[in-house]
There are 2 protein chains.
Amino acid sequence: MSRNPLNDLAGLGDYLREQRLSHRLSLRQLSELAGISNPYLSQIERGLKRPSAEILQQLAKGLEVSAETLYVKAGILEHHPEAESTTSTVRDAIAADPNLTDRQRATLLDIYESFTGADPQR
Amino acid sequence: MSRNPLNDLAGLGDYLREQRLSHRLSLRQLSELAGISNPYLSQIERGLKRPSAEILQQLAKGLEVSAETLYVKAGILEHHPEAESTTSTVRDAIAADPNLTDRQRATLLDIYESFTGADPQR
DNA sequence: GCATTCTGCTAACTAGAGCAAGCACAATGG
DNA sequence: CCATTGTGCTTGCTCTAGTTAGCAGAATGC
């Protein structure tokens with residue numbers, strides 16, 4: 001009984017806190033974005049409370065993450081039926097992003113590949 | 001205000017009752033299959049109570065329907081046919097990548113945001 | 001020094017999900 | 001004619017998700 005995806009509220013909480021911090025948001029800022037109270041968000045992140053799907057939906061919006069991702073972490077959705085070869089997803093997203101210059105694209109891909117230890121051209 | 005998928009508990013209830021009857025199950029039979037109480041199932045079908053995702057998951061199992069279907073009916077999932085093109089953002093892709101550690105995720109997001117000049121909030 | 005304004009957290013409460021027990025009504029059949 | 005067994009539903013309760021109000025500490029500025 002360590003890291004069961006079901007009823008693993010601590011894992012979900014950790015993930016939410018990471019996401020919030022990586023977006024440089026305070027508890028109050030995210031709670032307002034998501035339309036929930038800040039003490040409650042605090043309790044969710046610490047794994048003290050089990051948020052409903054509605055709350056997860058609003059948090060997903062505030063964090064600019066897909067609701068499905070949070071549902072999977074919360075154990076109410078199976079991990080994507082047709083998960084494409086995970087290795088190419090981030091690359092595709094970077095390649096398709098119109099907000100990046102070509103140089104920025106290349107830099108991001110380099111960093112990503114250094115992280116995953118992948119060969120540059122798959 | 002006709003058939004809004006969100007907060008449309010009557011529509012969900014009707015659907016559940018149809019499914020149950022088409023499987024020729026009584027309230028008690030299905031409630032036992034799903035591991036919930038029969039009065040509660042009755043109230044759900046009549047749109048008096050709003051079931052949680054966990055309950056919907058168990059009902060889906062008892063009715064041999066996908067949980068996603070019920071989630072969509074309950075308004076907690078977008079009708080996500082398959083091709084997710086619009087919102088396949090770099091952020092989502094990075095967040096969902098299981099090959100990254102949490103620190104790496106945060107680092108990549110930082111860099112990405114510095115590139116796009118995105119205000120972390122918004 | 002001490003206000004102010006952030007940060008996250010605790011405490012006390014309200015509303016509603018979900019439960020067990022039991023009711024009313026039909027249909028059986030002894 | 002009554003007992004049984006099935007159906008769905010009502011009542012009253014427990015427990016917890018989610019709330020508002022307020023607290024302690026760190027960082028700013030007067």
Side-chain angles (χ1 to χ4, degrees), chain A residues 4 6-63 67 70-71 73-77, chain B residues 6-63 67 70-71 73-77 102 106 110 119-122:
Chain A
N4 186 322
L6 289 141
N7 81 4
D8 176 15
L9 33 175
L12 172 65
D14 290 347
Y15 176 77
L16 285 173
R17 177 153 294 189
E18 286 166 17
Q19 289 298 310
R20 175 173 64 83
L21 294 177
S22 76
H23 283 248
R24 297 196 192 85
L25 293 170
S26 71
L27 276 174
R28 280 180 175 77
Q29 287 173 325
L30 176 56
S31 70
E32 185 160 4
L33 278 176
I36 70 176
S37 73
N38 70 79
Y40 184 44
L41 177 54
S42 167
Q43 289 167 322
I44 292 173
E45 287 186 348
R46 284 175 296 151
L48 301 180
K49 295 276 171 100
R50 176 177 311 235
S52 70
E54 285 80 4
I55 297 289
L56 291 175
Q57 212 176 15
Q58 300 175 78
L59 283 173
K61 196 179 299 179
L63 288 173
L70 296 188
Y71 292 169
K73 295 265 180 189
I76 66 176
L77 250 196
Chain B
L6 287 142
N7 81 4
D8 178 16
L9 37 174
L12 173 65
D14 290 347
Y15 176 77
L16 286 172
R17 179 153 293 191
E18 284 168 19
Q19 288 298 311
R20 175 172 65 82
L21 293 178
S22 76
H23 284 247
R24 299 205 185 75
L25 293 170
S26 71
L27 277 174
R28 280 180 175 79
Q29 286 173 326
L30 176 55
S31 70
E32 184 159 5
L33 278 176
I36 71 177
S37 73
N38 70 80
Y40 185 44
L41 177 55
S42 168
Q43 289 167 320
I44 292 173
E45 287 186 347
R46 286 175 295 149
L48 301 180
K49 294 278 172 96
R50 176 175 310 238
S52 70
E54 285 81 4
I55 297 290
L56 290 176
Q57 212 175 16
Q58 299 173 80
L59 283 174
K61 195 180 302 180
L63 287 173
L70 295 188
Y71 292 169
K73 294 265 180 189
I76 66 176
L77 250 195
D102 296 325
D110 282 348
D119 18 24
Q121 47 190 8
R122 205 281 294 234

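Every chain is numbered from 1 and lettered A, B, ... according to where its sequence line falls, protein lines coming before strand lines.
For B/Arg46 and D/dT10, the shortest distance from a side-chain N or O to OP1 or OP2 is below 4.0 Å. Between A/Arg50 and D/dC15 there is no side-chain N or O to OP1 or OP2 distance below 4.0 Å. An OP1 or OP2 oxygen of C/dG18 is reached within less than 4.0 angstrom by no side-chain nitrogen or oxygen of B/Ser37. For the OP1/OP2 pair of C/dT7 and a distance below 4.0 Å, the side-chain nitrogens and oxygens of A/Arg24 include no atom meeting the criterion.
Judged purely by atom type and a 3.5 angstrom limit, A/Tyr40 has no side-chain atom pairing as donor or acceptor with the backbone of A/Lys49. A donor-acceptor contact shorter than 3.5 Å is absent between the side chain of A/Arg20 and the backbone of A/Leu16.
In this structure, the CD atom of A/Glu54 is 11 Å from the C1' atom of D/dA17, given to the nearest Å. When rounded to the nearest whole Å, the span between CG of A/Leu41 and C1' of C/dG8 equals 11 Å. For B/Arg20 and D/dC9, the CZ to C1' distance is 12 Å, given to the nearest whole Å. The CG atom of A/Leu16 sits 16 Å away from the C1' atom of C/dG8 (whole-angstrom rounding). Between the CG atom of A/Leu30 and the P atom of D/dG18 there is a distance of 15 Å, given to the nearest Å. Rounded to whole angstrom, the span from the CD atom of A/Gln43 across to the C1' atom of C/dG8 amounts to 12 Å. The distance from atom CD of B/Glu45 to atom P of D/dC9 is 8 Å, rounded to the nearest whole Å. Whole-Å rounding puts the A/Tyr40 OH to D/dT19 P distance at 7 Å.
Within the 4.5 Å cutoff, the side chain of B/Arg46 has heavy atoms near those of the B/Arg17 side chain. Proximity of A/Arg28 to A/Leu41: side-chain heavy atoms (C-beta onward) are nowhere separated by under 4.5 Å.
Within 4.0 Å of B/Ser52, counting heavy atoms only, lie sugar-phosphate atoms of the nucleic acid but no base atom. Among the atoms of the strands shown, only primed sugar atoms or phosphate atoms (P, OP1, OP2) are found under 4.0 Å from some heavy atom of B/Ser26.
Between A/Ile36 and B/Leu27, it is B/Leu27 whose nearest contact on DNA chain D lies nearer the 5' terminus. The nearest heavy atom of DNA chain D to B/Asn38 and to A/Leu48 marks one nucleotide each, and the one closer to the 5' end goes with B/Asn38.
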Item to check | A/Glu45/A/Asp14 under side-chain contact (heavy atoms from CB on, under 4.5 Å): CA gap, chis, key distance, verdict | outcome: CA-CA 6 Å; A/Glu45 287 186 348; A/Asp14 290 347; over 6 Å; no
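In the set D/dT11, D/dC9, C/dA11, the nucleotide with an atom closest to the side chain of A/Pro39 is C/dA11.
Checked by distance alone, B/Lys49 brings a side-chain donor or acceptor within 3.5 Å of a matching partner on the base of C/dG18. With hydrogens and angles left out, the side chain of B/Arg28 and the base of D/dG8 share a donor-acceptor pair within 3.5 Å.
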